[in-house]
Structures are given as C-alpha cells and as structure tokens.
Number of protein chains: 2
Amino acid sequence: MAYPAEVRIVEVGPRDGLQNEKLDIGTANKIALIDRLSATGLRSIEAAAFVSPKWVPQMADAAEVLAGISRKPGVSYPVLVPNEQGYERARAAGAGEVAVFTAASEAFNLKNTNAGIDESLRRFEPVLARAKADGVKVRGYVSTVLGCPYQGEVPLADVVRVSRSLHAMGCYEISLGDTIGIGTPGKARAMLQAVAAEVPMPALAVHFHDTYGQALANVLACLEEGVAVVDSAVSGAGGCPYAKGATGNVASEDVVYMLHGLGIRTGIDLDALAATGRWLAGLLGRDTGSRVGKALAAA
Amino acid sequence: MAYPAEVRIVEVGPRDGLQNEKLDIGTANKIALIDRLSATGLRSIEAAAFVSPKWVPQMADAAEVLAGISRKPGVSYPVLVPNEQGYERARAAGAGEVAVFTAASEAFNLKNTNAGIDESLRRFEPVLARAKADGVKVRGYVSTVLGCPYQGEVPLADVVRVSRSLHAMGCYEISLGDTIGIGTPGKARAMLQAVAAEVPMPALAVHFHDTYGQALANVLACLEEGVAVVDSAVSGAGGCPYAKGATGNVASEDVVYMLHGLGIRTGIDLDALAATGRWLAGLLGRDTGSRVGKALAAA
C-alpha cells in the first residue's frame, strides 16, 4: 500500500471546532490556543471566521484573535470569509490567507447561507479576484460531500462540479468535507476518486467529522488514494449545529498518531499537540475528544 | 479495493467486555444481554469465561449465565477456558464451543497467566484433544500481537509462531488481538499478512481495542487484506486492566456501520444492536462507547 511520504494537517480547531462548541472560551484563550498550536509544528492553522456575528457569535472576535496571535514564520493562518465584505474585514485584520465555502448539496447551502450553490460561487468571484491582486491564497471548502441532513444523498457529480468550479476560480486547495460525519471508507474513496479525476490530487484535502466513528477509517482510505492534506481539530473540537448528535471533527491527535504509525511525516510534536488538546478540553469543561489525548495522559 | 462479501462479527461484549468493566451488571442482566444480542442476527456471541473467580470475579457466574440464556439455532456461544479444568467446568455447564488464549509476548503471558507461552500451549493440548473427541469447536486467541505493555515490541515471528501452533493443535479460528490498542493500520496489515502466510486467511480473525482510536482504521486495513471475521464488543465495552487509560474493544455498532457502508453483509440488525448497546451502557452507568449508538439515538 503506497501512502504519501508526508501529510500536511490543516488544524481547524480554532475555527470549525470552536464555532460549533456551545461554550465560548473567550478571546484570550483563543489566542493562547493558536499560539500553542503554532508551537507544535503545525503549518496550517485556521484561525477564525469573518462571518456575521449575528449568525456565528463565537467568531465575533475574529479581528482581535488575528491581531493577538504570534505568527510563526512558515505557518499560515487562514480565515473563513463568506463574501467580499468578509474578505475586506479579514484583510483589514491582517489575514494573509482566506477560505471560502459552499456545500455540494443545494438544500444545505440554502439553509446554511441563504444562497444556492451558484449564487455562493458568484459571491466568491470578487473575493478570488481581489485575493489574486493582493497575493492572498484562497482555500475552498466543499461541505456535505457524503450526505446532507436535508436532501439525503448528494450526487457525486455535484461534488465534482462544485470542486472543479472552486479550483477553476483560483482556489489553491479544495477541502472535501463530510460535514455530518455519515460516510464510510468506500464512499469516501469513490468521492475522492471522482473529484481527483477533475482536480489534481495535490490540490485536494479531506475533512471528516466523527459522528459515526468512521473518520479515521475514511482518512485511511483517502490516504491510500493519495491525498496528502487532512483537516482535523485538536481534541476533536466542534460538532455540527445541523446534525443532532453530531460529534466534532476528527481529532488531530488521533490522525497524527495514525500517520506517524504509518511512517508518514507530519512535522508535528504529538505530545505537545495532545497536551494542547487536553488543555482546550479543560477550558470547554469536558474530557478531551481524542483517544490518543486520553491514552497519552494515562501512559 | 476488494473486500469480503460477508463478514462474521464475533461479539465479545459479554466476556471480554464485561470481564474488564469495573461494574458487575449481575447474572440476570448478563443473560438478558446475550439474549438481546442473539436477536440482532449475530452468529457468534462469546458468553462467558470459565476462569478462576479469584482472578476474574466478573466471570464467577459463568455456569449460571450459560444455563440461563436462550440458545438460538445457528448461533454459537463460545466460552473462554484457560486449561483442562476450565474445559470440564465449561462442558458441565453445557458449552458447545470453547476458546483458549495465549499472548504473543512472553512477558505478558507470564504476568497474565503465570505461564510462559510454551507452557500455555502445553496446557491446551488436553483441551484440544478432549474437544476433538467431544465434537467441540475450539477458537484460539493470540493477544498483544501489535505490542506489549511489558516488553514493548512483539516480534512478528512470535505472533506467527503462536498462531501457527494454535492452528496446528486444532483451533478452527485464530483471533489476533491488539490487546492494548496501540497499533496502526500499516502494522496491523503487516502482522496479518505475516500470519496469513502460515495460517489460511479464512481461519483468521482480528480483534482490536480502541485505546488510541485506531481500531476501525485497523479493521479496514485488515479487510483489505481479506480477513472476514472481526471481534468487537457492543457499546465498546471493556478495557484492559494491564494498560492504564485503555478503552474497550472496538464497538460492534461502529464496525457494523462501516461494513454495511462498504456493502459487506453481516446479517445484523444495526438498530437493534445499537439499542442493546445503549441499554448495556445504562446498566454500566455511562454513555454508550459507540459513536453510532449515540448518533442513531439522536437521529
């Protein structure tokens, strides 16, 4: 079995994780979290979202977070922007990389953003144009790639179409997200294969939530297909407001443990990452959502 | 990727699970658990262990459990026996299938059974001989196949040697156990390949604990190698008294969800299995250890 020699982890805990946690840990702790993560060897840390505080109150302090963190050379700190206005706020706050997002499910996108997929893509055009002029890298998220809480099945053709559009618009990387954590490895593999037929594999990332406990197995299947970028959240932070009982993102610690066990380099200090996950869990008032985090603490 | 068309789950919750839980749910509940499991479509349910109550008080009622359950035609109810005396007790209680066990790690076997591996194998000889004469099937467990809490690395050659010995002695199936849940998919795959070079794949099963969250990914890697028997415990029951912080067996519900998603038949009613897992977790005074169990309850 041929795996990539090296995998880049995109740590999404400070954004996708905290955005979906009920408890707000506060600005100072968000800054401390990102600084701790920077010290683990991570190279991509999603720092915040410049979205409406009305819809996502947890991200209302995005500008302060971005202003407060100590940026480590070689580490990128992308932030989510929903439209041109968000892009302007992000840039004013000093963002050097941004991310745009749409669902592969029309029904989900309407509920989540009040816009159809095509409308979302149109909103991103000025973002991509300005980012290009500004020399700002743009990541693209495609959600609900393995199922939707509203429409159920999501046709592979829709996942491919949206991914291809984002890549054609200039996104350097497309993150394929099983937002509700419903997928299994065969479906994850088939989805990735279908997208990789239209968008080069080095421009693809996978993003799994662990609602049904399948996330790490899904990551494994996608590694076997050659993907070399994996999104995850320290301590398994997060959830999904649109899926009852949904657990958070796959825990970064568990992914890194598997990667290192497979002989794949990540550049990450697993002990430091696990300690950060336990520290975050303490702030959130619960046990770490990472099995590795628990096991290393007991060992 | 070619997976087996069908997988047999060996449900080890009533034995490996409960034996390692701190709380004893009592004889009546053990009987109810096994009867509920029988109704899910499972074909193999490990029912009890005929070991010394001095060492394993949770299994002191093994004979009552075996006497109390309603045996469903087509379902086997193996019980663990450490030696000829245990075999006699099991047979007197009406056991139709037994299981013997040894570690691949000499250090672990000494700690766990007060006998070296060769001594353990010698103790099994009369068991296998009598079982053959009695028409009783014997399953063999090999533990610590991916690591040992005492000696660390366990050479693959030792795993192969012990597996080959048990098979040659007459065990119809060898269950390869990562007792401390430390392995990752590449190592699991390599271990299975090494054993399968000496013992036919249809005579092999895999048995993972989820200490480091790797169990389902390990199962996936082994399915890809052709294994078609997987041990698991409903609700992720269990733990390992020899590994601090160790979580239980991989949850049967999560394995079955993955198998069904892969298009692999199990004959199991997942909803009934998940409901049984939640019922058991209630008896144990905690949340189900199965993500699927949680997600289905919330859905």
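Residue numbering restarts at 1 for every chain, and letters A, B, ... go by the order of the sequence lines.
- Both the backbone and the side chain of B:Ile182 come within less than 4.5 Å of a heavy atom of chain A.
- The pair A:Arg189-B:Glu224 meets the salt-bridge criterion, with a side-chain N (NZ, NE, NH1 or NH2) lying under 4.0 Å from an Asp/Glu carboxylate O.
- Ion pairing of B:Glu6 with B:Arg43 is present here, as a side-chain N (NZ or NE/NH1/NH2) and a carboxylate O approach within less than 4.0 Å.
- Comparing A:Asp254, A:Asn218, A:Leu296 by heavy-atom pairs within less than 4.5 Å of chain B, the highest count is held by A:Asp254.
- Here the side chain of B:Asp271 pairs no donor or acceptor atom with the backbone of B:Ala275 at under 3.5 angstrom.
- Between the side chain of B:Glu253 and the backbone N or O of B:Ser235, at least one donor-acceptor pair lies under 3.5 Å.
- Top candidate by heavy-atom pairs under 4.5 Å with chain A, chosen from B:Gly181, B:Gly186, B:Gly213, is B:Gly213.
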